[in-house]
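Take a look at the structure below.
Hydrogens, waters and symmetry mates are skipped; everything else that's a heavy atom, side chains included, is used. Within every chain, numbering begins at 1; the chains are lettered A, B, ... in the order of the sequence lines, protein sequences first and strands thereafter.
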Amino acid sequence: LAKTTQPISMDSYEGQEVNITCSHNNIATNDYITWYQQFPSQGPRFIIQGYKTKVTNEVASLFIPADRKSSTLSLPRVSLSDTAVYYCLSKQAGTALIFGKGTTLSVSS
Amino acid sequence: DGGITQSPKYLFRKEGQNVTLSCEQNLNHDAMYWYRQDPGQGLRLIYYSQIVNDFQKGDIAEGYSVSREKKESFPLTVTSAQKNPTAFYLCASSIGSDSDLEQYFGPGTRLTVT
């Protein structure tokens, strides 16, 4: 199973762009990259998924370079409500989600 | 409203008692999952079910049991054999096992066993 590595924590201020990079050196050909957001005492919420290049939705962008050994979740103009834990997962369809400890993002005013 | 419901939100039990956590979904999803989360940790998969009347063990199935008699329901029983049952339990569902990159999670049940 591909293992992901991401920073334990990050700090930011309101209105800034936040980029969280995830390393997945042994990603398999069929693996997708997916990101989840979790607030305290709630279940995780799906944010975005991608296989290569760039994916954008109303919440975030996901950048995956050609070698696919890393990916970057980009949150534009964060607000206080974006304070949460962000999980990077690398998986194939039909296999289990493996959640690590994630990145705790703290946004200050 | 479509979604996943888990009840109760908080549950307290004495050591040695079995306890069943409820999970219901009205999303018409085929696949359902149970995870456990300990403080400061990520989620760990307990059991999952890809279809009614079928389920598979996850990474930490020992001390737990499940059933999937209906598509909408996937209850989890924490048995007295589970050595450290106090945790935050999360249920999730996805359209199917081949479309499981996007899972929808319930609000969770926090179980405390003393």
Review point. Between the main-chain N or O of B:Ile51 and the side-chain N or O of B:Asp30, is there a donor-acceptor pair closer than 3.5 Å?
Key: no
Revision key, fill the gap. The interface call for A:Gln42 against chain B, heavy-atom contacts under 4.5 Å, is backbone
Exercise for review: Please look at A:Ser41 and chain B and tell me whether the side chain, the backbone, both or neither of the residue comes under 4.5 angstrom of a heavy atom of that chain.
Suggested key: both
Review point. Quick one: does A:Ser74's side chain get under 4.5 Å of A:Phe63's, heavy atoms only?
Key: yes
Check your understanding: Checking A:Thr83 side chain against A:Val107 main chain: does a donor-acceptor pair fall under 3.5 Å?
Key -> yes
Check your understanding: chain A heavy atoms under 4.5 Å from B:Tyr33: which part of the residue, side chain, backbone, both or neither?
Key -> neither
Check your understanding: Is any residue of residues 73-96 of chain B within less than 4.5 Å of chain A by heavy atoms, and which ones?
Key -> B:Phe88, B:Leu90
Check your understanding: Side-chain contact, heavy-atom cut-off 4.5 Å: A:Thr72 with A:Asn19?
Key -> yes
**Study point:** Side-chain donor/acceptor of A:Gln6 to backbone N/O of A:Cys88, under 3.5 Å
**Key:** yes
Review point. Do B:Asp54 and B:Arg68 meet the salt-bridge criterion of a basic N to acidic O distance under 4.0 Å?
Key: no
Check your understanding: In terms of side-chain geometry, is the basic nitrogen of A:Asp31 or A:Arg68 positioned less than 4.0 Å from the acidic oxygen of its partner?
Key -> no
Review point. Checking heavy atoms, do the side chain of B:Gln6, its backbone, both or neither come under 4.5 Å from chain A?
Key: neither
**Study point:** Residue pair A:Ile33 / A:Gln49, side-chain heavy-atom distance below 4.5 Å
**Key:** no
Check your understanding: Minimum heavy-atom separation for A:Ala60 to A:Ile47, with atom names?
Key -> CB-CG2, 3.9 Å
Review point. Side chains of A:Ile8 and A:Lys101: does their closest heavy-atom pair fall under 4.5 Å?
Key: no
Point to revise | Any residue of residues 102-114 of chain B which, by heavy atoms, sits under 4.5 Å from chain A | key: B:Glu102, B:Gln103, B:Phe105, B:Gly106, B:Pro107, B:Arg110
Review point. Near A:Leu80 CG, under 6.0 Å, is it more than 12 heavy atoms from other residues, nucleotides or ligands?
Key: yes
